[in-house]
Amino acid sequence: MNRVAFVFTHAPHGTSAGREGLDAALATAALSESIGLFFIGDGVLQLTSQQQPERILARNYIATFGVLPLYDIEQCYLCHDSLKARGLAAEAARVLDVEVLEPDALRQRLAEFDRIITF
């Protein structure tokens, strides 16, 4: 069975990339037993708690990240340097339990996957 990684690189609500990536990960969970989510660059903002997208008339899909464990998607990783570059603390509250990794460790984890899809 192929191991599939989804890499989130865009901030939420500015484009549909985050919502589409989440939908694709949930759909793929029916076909693959090993799915990983990686958040790098502006993608680390996807999991920021206390977002209020309705204030900009955007759909609040961020809460959907909370159902990932029901789909057996438990491998979720955040880039430490991306957090630091955006002034975010590694230990801050997020909408999903994730492992914060240094860039080298993140690349090693990503290399373990057969397919990589970027959003």
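We number each residue from 1, following the sequence as shown. Please read all numbers here as calculations on a predicted model, not as lab measurements.
- Residue Pro69 comes nearest to Gly66 through the heavy atom pair CD-O, 3.4 Å, listed as atom of the first residue, atom of the second, then distance.
- Only one option out of Leu37, Ile35, Leu47 pairs with Cys76 in a side chain to side chain contact (heavy atoms under 4.5 Å, CB included); it is Leu37.
- Rounding to the nearest 0.5 Å places CG of Leu22 at 5.5 Å from CZ of Phe8.
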List the steps and the verdict of side-chain contact (heavy atoms from CB on, under 4.5 Å) for Leu26 and Leu68. CA-CA 7 Å; Leu26 293 173; Leu68 292 176; 3.5 Å; yes

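- With sequence neighbours excluded, no residue forms a side-chain hydrogen bond (donor to acceptor under 3.5 Å, both in side chains) with Glu112.
- Linking ILVMFWY side-chain heavy atoms closer than 4.5 Å, directly or via other members, places Leu96 and Ile73 in a single hydrophobic cluster.
- Residue pairs meeting the side-chain hydrogen bond (donor to acceptor under 3.5 Å, both in side chains) criterion with at least one partner in residues 89-99, sequence neighbours excluded, are Glu99-Arg109.
- Residues satisfying the side-chain hydrogen bond (donor to acceptor under 3.5 Å, both in side chains) test with Glu74, not counting sequence neighbours, are none.
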Please evaluate residues Asp81 and Lys84 with respect to the criterion salt bridge (Lys or Arg N to Asp or Glu O under 4.0 Å), reporting the C-alpha separation (whole Å), side-chain torsions for both, the decisive distance (0.1 Å), and the verdict. CA-CA 5 Å; Asp81 286 5; Lys84 186 177 176 182; over 6 Å; no

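- In this view, Thr15 satisfies the side-chain hydrogen bond (donor to acceptor under 3.5 Å, both in side chains) rule with no residue, not counting sequence neighbours.
- Side chain of Gln46 to backbone of Ile62: no donor-acceptor contact under 3.5 angstrom is found.
- Taking Phe113 as the reference, Phe38 meet the ring-ring contact (aromatic ring centres under 6.0 Å, His included) condition, with sequence neighbours excluded.
- Atom SG of residue Cys79 and atom CG of residue Leu110 lie 11.0 Å apart, to the nearest 0.5 angstrom.
- Distance alone, capped at 3.5 Å, places no donor-acceptor pair between the Thr118 side chain and the Val7 backbone.
- Residues satisfying the salt bridge (Lys or Arg N to Asp or Glu O under 4.0 Å) test with Arg86, not counting sequence neighbours, are Asp42.
- Note: the hydrophobic cluster containing Leu31 does not contain Ile117 (ILVMFWY, side chain heavy atoms under 4.5 Å, direct or indirect links).
- In terms of modelled atom types and a separation under 3.5 Å, the side chain of Thr28 and the main chain of Ala24 share a donor-acceptor contact.
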